[in-house]
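Okay, structure first, notes after.
Note that these values count all heavy atoms, side chains included, but never hydrogens, waters or copies made by symmetry. Order of appearance sets the numbers: ligands from 1, and atoms from 1 within every ligand.
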Amino acid sequence: MPRSAIRATTIRRSRSTPRRADPGRRRKPAIIADVLTSQWRTRARLHFPARRAGTIRGMRAPAPKEPAINTSPSPGDDVRTTTCYMCACRCGIKVWLADGKIRYLQGNPAHPVNQGVICAKGAAGIMQHYSPARLDKPLLRVGERGSGEFREIEWDEALQIATGWLAPIRERNPDELAFFTGRDQSQALTGWWAQQFGTINYAAHGGFCSVNMAAGGLYTLGGSFWEFGEPDWEHARYFMLWGVAEDHDSNPIKLGLGRLKARGAKIVAVNPVRTGYGAIADEWIGIRPGTDGLFAFALIHELLRMDRIDLDYLVRYANAHWLVIRNPGGADDGLFARDAEGNTLCWEQGGGPARADAIGIAPAVVGEFTLADGRTAVPVFQLIAERYLDPQYAPDAVSERCGIPADTIRRIARELAQAAFESNLTLPIAWTDAWGREHAEMIGRPVAMHAMRGISAHSNGFHTCRALHLLQMLLGAVDAPGSFRYQPPFPKSVAPPNRPGKTRKDNGALDAPPLGFVHSPDDLLVDAAGRPRRIDHAYSWAYPLSAHGMMHTVIRNAHAGDPYPIDTLLMFMANMSWNSAMNTRETMHWLTDRREDGEYRIPHIIYSDAYASEMVAYADLVLPDTTYLERHDCISLLDRPISDADGAADAIRHPVFDPATQRAGRDVRGFQSVLLDLGARLGLPGMVHADGSPLYRDYADYIVRHERAPGVGLLAGWRGEDGAQHGKGAPNPEQMQRYIDNGGFWREEIPAHARYFKMANRGYLEWAQRFGFVGSTEPIVLQLYSETLQKFRLAAQGHGAQQPPPEHRKRVATYFDPLPIWYEPFESAELEASHSPLAGDGASTASAFPLSAITQRPMFMYHAWGSQNAWLRQIAARNYLYLHPDTGARYGIADLDWVAVDSHHGSITVQAKFARNMQPDTVWSWNAIGKRKGAWRLARNAPESSQGFLLNHLISDKLPKSDYANADPVTGQAAWFDLRVAIRKADGIARSQPQFAALAFDEADETPLRYGASMRARAHGR
Ligand code: SF4
């Protein structure tokens, strides 16, 4: 039967044989029938465009009068453009309103980040805004800390209380304030505020997120994956995605993967679990957790063995030819050879020592040379070849540990080389390098990589991140066409010049922001005896390069008074009593423990959040934040910008709603505005006029008027009094409106000749200098070999004025290797070295915990925020422990059995589910779905608390045997993914364990409590 006949028949049948055949069904109302009829007609016209619908054989002519059908009704009567905050990606959104309520969230097609794409999380922002878990009023604790008993207070009282706690601290010792923020996006303000307060105890959440990735890149390339770079989606032909990487840059990666697939580029996912982006990869490498560095070294070994590396690139843009002093035991061992002016040296072939930045010479990359002063030196590349050609890194040697067949490793190495060197990718774009040499074209190396937390959240993560960058550099695949590309304001010099603040000025402010980059032991925050000065022990000998601080150690140390007691813990958006904590049970204890005199060991806790998270119950004073649709925000180039490789960009949020209109009695304020208000009440420098009155009305006013340096503010667009300047310029009172008029963002294109080789492209460096991204147009040299790390090693070997205390020397000497190294993740290594009765005769404790356990962030949720969202909970309201069926068989576990999961630290009981998309020696689960009963205003029987769970309960914040944090020894990054577990069947249990006392309901009588009157009212009224 021809298609037209089928369609006509279908249409006829639909019109003529409806409801009489089923007398039990009600007739559709006439209006609906008319609509359906009309839709069919419309469809018929579409399918038969050459004929009018009424002329199709068998169809009746159209009725003389058809109802007007709006097939594309407007979703609302008003639309505002702003920036999504349902994850860290920061897409542009259009908020459609009808009668003052949100009807629809749409991706903004004009926005540079997402180009109209919106994900499930973003679209569910409606339910985030209307969440029953929203806090409504400032709360003052009236019961025991942790009970959740509060009374509502007015803002004036709240701010007076906070000022009353903070003012004496600032007078006495600003370091008694520990100010730690979670996943907020306003660190340009919060870091500055801490600096003005004068406390060194400030950090954002990067230390427990992915600081290894940031630091590994910034100390190597002057940039990083994170939000500092991206693959060349347009030209890459081979893309390696390492570890869990869904968390940042979400929609741009999805868009980019689509482009790669459309062009037939190969995508290789390296991950113990094949989820997320790995699901569409052409090849999945099911690697064992924590062995990515070893895999990278085996690839490097193969590339070196096959001589498939880009030596020209390495000499031109990296330090492959720089000479390194060889003087074992000497104070200069491992440092770069320098001339009298401090310029690094190389060895000119057939000549002698020459400046390493000289052009027109052919420097040696292998060999051993004697300098004029008699010292011996070798080029960096010689050291690389010596180390990675060692048989211990051969594919056959690492295959078993990594869980990857040696042939696969060899093949991937060949494929990388082929893609990099045989693609013949050149872009016909003339450019001039930083030394003034002109190039007619840009030579591509179309191998791109991306990695994030899956790589960095291990105790060997820093070096693994450096290993990936070494692999990229050997292929010439950093900011070449087709490879990883920097996003402005990166690249920065290696390491970035800003050191952490250490001393206070006369006005009490720190001399620099509390977070920065140490360049040598002299920059550490340690006392004369080498002990930590910071409450989190960041920038100490235990974790010297902890560039984002160590949020995961604050509560333990504050409780212990190590290195000193603090008075007030101020936290923002950090669920530190639950899914953001390791060692959850003890963390709750530390937050509530009292001294012998009855006072809490942490005397004051101020917490700001928009929602009734688990952490709220542990605060003395709760400052209710707005939802992301009710406040101003600034996504700043001084902080975490939204740039892409072809342009610099920043963005704002602005209130779509006045919070007061959202619910009767709702009285919340944006935390950033509250912080400025507090700063003014405290008289902090930079926040008050000479007469003591507030300098800034609120955060929006600060965003527009504050200058970090002359002409440099939080937003780069439309500066200058007339708004005609971009990058630098005087504050423009109309700037916020200009952003709003432009859809909430600003973007400036990089000139075409300046878009690649940014580290050594004169055009780019001049452009970047104009914007203040770099201090000079000097080339940024990629550091294959890190002299910074070697300086720490030398200190540990007894050289220099600043040396580590004896107990840290071996650790620093071992892990501050100037070339990337791989070592067993600490938890495995310490368990391996110890013996446990669980493991049986003489066996190591490691064999008692034979499986790795990791988490992945669900694509459809962003931490605890997403897992209380009414729409997203319909996708998943509980999590399982996923294991391979072979693993189940090994341990006598069937699909959906309840299992006990033990680690060296604790035990949980959870429900198992089989999945084949995983490495069989690994178990995993979704992150942060498990909730404490009663938190987030979820029902008492919510699956999140009765069946959902956290792996956090199994993760210790300390190493099994030593006294160090469960963290990377270089950066202090939390080693979430080092966890080792055992599993066994648990009979007779159908509820996840452990369970903690319910927060929002009294367990005895189920009386709704306690987060204040408005919470009570809502529990009954909604
Ligand atoms: S990727 Fe993140 S920022 Fe973008 S729409 Fe989704 S939730 Fe929003």
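If you check the side chains of Tyr202 and Thr190, you find a donor sitting under 3.5 Å from an acceptor. When only modelled atom types and interatomic distance are considered, His450 and Trp242 share no side-chain donor-acceptor pair under 3.5 Å. Side chains of His706 and Arg708: a donor on one and an acceptor on the other come within 3.5 Å.
Under the 4.0 Å criterion applied to side-chain N and carboxylate O atoms, Lys266 and Glu283 are assigned as salt-bridge partners. Using a cutoff of 4.0 Å between basic side-chain nitrogens and carboxylate oxygens, Arg669 and Glu630 are not scored as salt-bridged.
Using a 4.0 Å cut-off to heavy atoms of Lys121, the atoms of ligand 1 that qualify are 7 (S). For ligand 1 and Ile118, the ligand atoms under 4.0 Å from any heavy atom of the residue are 5 (S). Near Ser250, meaning under 4.0 Å from any of its heavy atoms, are these atoms of ligand 1: 1 (S).
Looking from atom 5 (S) of ligand 1 to the surrounding protein, the closest heavy atom is Asn251 ND2, 3.5 Å.
Residue Cys87: no N/O/S atom is found under 2.8 Å from atom 6 (Fe) of ligand 1. For residue Cys84, an N/O/S atom approaches atom 8 (Fe) of ligand 1 to within less than 2.8 Å.
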**Asked** Are Met551 and Thr181 close enough, and set up right, to give a side-chain contact (heavy atoms from CB on, under 4.5 Å), and what steps lead you there?
**Response** CA-CA 8 Å; Met551 190 148 185; Thr181 76; 5.9 Å; no
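Looking at Gly122, Cys119, Cys91, Pro252 and measuring to atom 6 (Fe) of ligand 1, the nearest heavy atom belongs to Cys119.
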